[in-house]
Amino acid sequence: MTTDSLAGSTSLSATSREAVQAVRADVARLHSELVRYSLVAWTAGNVSGRVPGEDLFVIKPSGVDYDELAPDNMILCDLDGNVIEGGHSPSSDTAAHAYVYRAMPEVGGVVHTHSTYASAWAARAEPIPCVLTAMADEFGGPIPIGPFALIGDDSIGRGIVETLRGSRSPAVLMQNHGVFTIGKNARAAVKAAVMCEDVARTVHVSRQLGEPLPIARQDIDRLYDRYQNVYGQR
């Protein structure tokens with residue numbers, strides 16, 4: 001399917017068209033961060049971003065090398081996962097991303113990786129315990145495990161939403177699969193994926209030395225509140 005053959009592609013206003021192009025550029029660029037932080041191998045993994053003010057999101061094409069990703073080959077989809085614009089087939093995880101966007105309107109970005117250490121925890125169906133202040137800051141507690149689900153429909157998306165709704169964690173380890181993260185935008189979701197792999201590795205190393213010490217819940221709450229509401233530039 002090509003952009004020229006899509007009936008709905010010309011119905012966007014100039015402002016919406018600018019928003020789409022901005023998200024295309026952002027999503028294309030952010031895929032390089034997955035490579036930079038060694039979160040993906042070959043063509044696995046994906047980033048998507050919601051188009052502000054529209055029931056649309058942008059996602060990478062399926063099976064295209066990361067070196068070939070560019071704004072003009074990103075795929076524009078509606079919130080049912082239907083392709084609106086794009087010359088390639090969308091990511092095989094498109095239905096999962098679409099379900100998250102439909103169910104969680106506050107989410108502006110979704111990321112999926114098979115990063116090594118986090119996926120190892122997922123293979124064990126074991127949550128990553130909150131034993132580091134960096135985990136308390138970013139995740140507000142343990143990184144939870146989501147259910148086993150097969151690719152092909154919105155089953156993965158349902159598992160993501162069921163696990164993360166009501167949780168402070170922006171990351172879920174889908175059993176026997178890998179990592180999905182959410183954020184207020186695509187960049188925030190990428191950051192969560194980077195941090196998820198970082199703490200997964202550190203906690204794994206810690207367990208080789210002995211049993212990691214848990215952080216008290218009240219301290220987790222204080223760390224999370226500071227990081228989310230005080231840390232950084234405001």
Side-chain angles (χ1 to χ4, degrees), residues 30-48 59-60 62-63 65-66 91-93 95-97 99-100 107 109-152 155-165 167-183 186-215 220 223-224 227:
L30 285 166
H31 279 91
S32 66
E33 297 298 296
L34 303 188
V35 177
R36 176 185 176 191
Y37 287 98
S38 301
L39 304 185
V40 294
W42 202 240
T43 62
N46 41 70
V47 178
S48 72
I59 195 167
K60 77 182 274 280
S62 178
D65 289 347
Y66 277 81
S91 166
S92 58
D93 291 303
H97 288 240
Y99 187 88
V100 173
V107 170
V110 179
V111 170
H112 172 47
T113 79
H114 300 154
S115 59
T116 303
Y117 284 88
S119 295
W121 288 85
R124 290 175 50 83
E126 183 177 357
I128 304 175
C130 189
V131 295
L132 299 166
T133 59
M135 285 192 69
D137 289 345
E138 180 73 21
F139 302 99
I143 299 176
I145 288 286
F148 177 78
L150 294 175
I151 299 171
S155 297
I156 292 174
R158 291 177 182 275
I160 295 167
V161 171
E162 289 167 5
T163 307
L164 294 185
R165 181 172 278 160
S167 171
R168 294 193 297 202
S169 174
V172 55
L173 309 178
M174 294 299 286
Q175 180 182 322
N176 302 110
H177 188 169
V179 181
F180 281 85
T181 61
I182 59 174
R187 184 178 185 276
V190 169
K191 179 197 174 190
V194 171
M195 295 299 295
C196 181
E197 179 64 4
D198 183 63
V199 300
R201 180 175 59 250
T202 303
V203 178
H204 168 76
V205 171
S206 175
R207 294 210 307 183
Q208 309 315 299
L209 302 173
E211 189 63 28
L213 299 177
I215 299 175
I220 293 174
L223 287 162
Y224 181 78
Y227 188 74

Heavy atoms of Ala123 and Asn176 approach each other most closely as O-ND2, 3.6 Å

Do Val203 and Leu132 come close enough that some side-chain heavy atom pair is under 4.5 Å? yes

For Pro144 and Ala171 the tightest heavy-atom approach is CD-O, 3.3 Å

Residue set satisfying side chain to side chain contact (heavy atoms under 4.5 Å, CB included) with Ser119, at least two apart, ordered chain then number -> His114

- prompt: Is there a side-chain contact between His177 and Phe148, using heavy atoms and a 4.5 Å cut-off?
  reply: no

To the nearest 0.5 Å, atom CG of Asp93 lies from atom CG of Asn46 at 4.5 Å

Across all chains, not counting sequence neighbours, the salt bridge (Lys or Arg N to Asp or Glu O under 4.0 Å) partners of Asp198 are Arg201

(request) Kindly confirm or rule out a cation-pi arrangement of Arg168 over Phe139, judged by NZ or CZ under 6.0 Å from the six-membered ring centre and within 45° of its axis? (result) no

Between the CD1 atom in Ile128 and the CD1 atom in Ile143, the distance rounded to the nearest 0.5 Å is 4.0 Å

- request: Kindly indicate whether the side chain of Thr163, heavy atoms from C-beta on, has any atom under 4.5 Å from the side chain of Ile145.
  value: no

Min side-chain heavy-atom separation Glu197-Thr116 under 4.5 Å | yes

Residues at least two apart in sequence or cross-chain that pass salt bridge (Lys or Arg N to Asp or Glu O under 4.0 Å) with Glu33, listed by chain then number, are Arg36

Does the side chain of His97 pick up a donor-acceptor pair with the side chain of His112 at under 3.5 Å? no

Correct closest heavy-atom pair for Ala188 and Gly183 would be CB-CA, 4.0 Å

Tightest non-hydrogen contact, residues His204 and Tyr117, listed as CD2-CE2, 3.5 Å

Quick note, side chain to side chain donor-acceptor pair (under 3.5 Å) partners involving residues 120-133, not counting sequence neighbours, are Arg124-Glu126, Glu126-Arg207

Exercise. Give a yes/no verdict on a cation-pi contact between Lys191 and Tyr37, requiring under 6.0 Å between NZ or CZ and the six-membered ring centre and an angle within 45° of the axis.
Key: no

Closest non-hydrogen contact found for Val111 with Ala186 is CG2-O, 4.4 Å

Checklist line | Pairwise side-chain contact, Pro129 with Pro142, heavy-atom cut-off 4.5 Å (strictly under) | finding: no

Determine whether a donor-acceptor pair (N or O, by modelled atom type, separation under 3.5 Å) exists between the side chain of Ser91 and the backbone of Ser62. no

(Q) Contact between Tyr66 and Val40 at the side-chain level, heavy atoms closer than 4.5 Å - yes or no? (A) yes

Residues at least two apart in sequence or cross-chain that pass salt bridge (Lys or Arg N to Asp or Glu O under 4.0 Å) with Arg187, listed by chain then number, are none

What one should report as the nearest heavy-atom pair of Val100 and Val107 is CG1-CG1, 4.2 Å

* Below 4.5 Å, heavy atoms only, C-beta onward: do Ile182 and Leu164 meet side chain to side chain? -> yes

Rounding to 0.5 Å, atoms CG (Asp137) and CE (Met135) come to a distance of 11.0 Å

Original post:
Do the non-hydrogen side-chain atoms of Thr181 and Val110 ever get within less than 4.5 Å of each other?
Top reply: no

Side chain to side chain contact (heavy atoms under 4.5 Å, CB included) filter on Ser155, not counting sequence neighbours, yields Ala149, Asp153

Chi angles and distances behind the side-chain contact (heavy atoms from CB on, under 4.5 Å) call for Met174, Ile156: CA-CA 8 Å; Met174 294 299 286; Ile156 292 174; 4.3 Å; yes

Separation between CG (Leu173) and OG (Ser115), nearest 0.5 Å, reads 8.5 Å

In Leu34, Val194, Val190, the residue satisfying side chain to side chain contact (heavy atoms under 4.5 Å, CB included) with Thr113 is Leu34

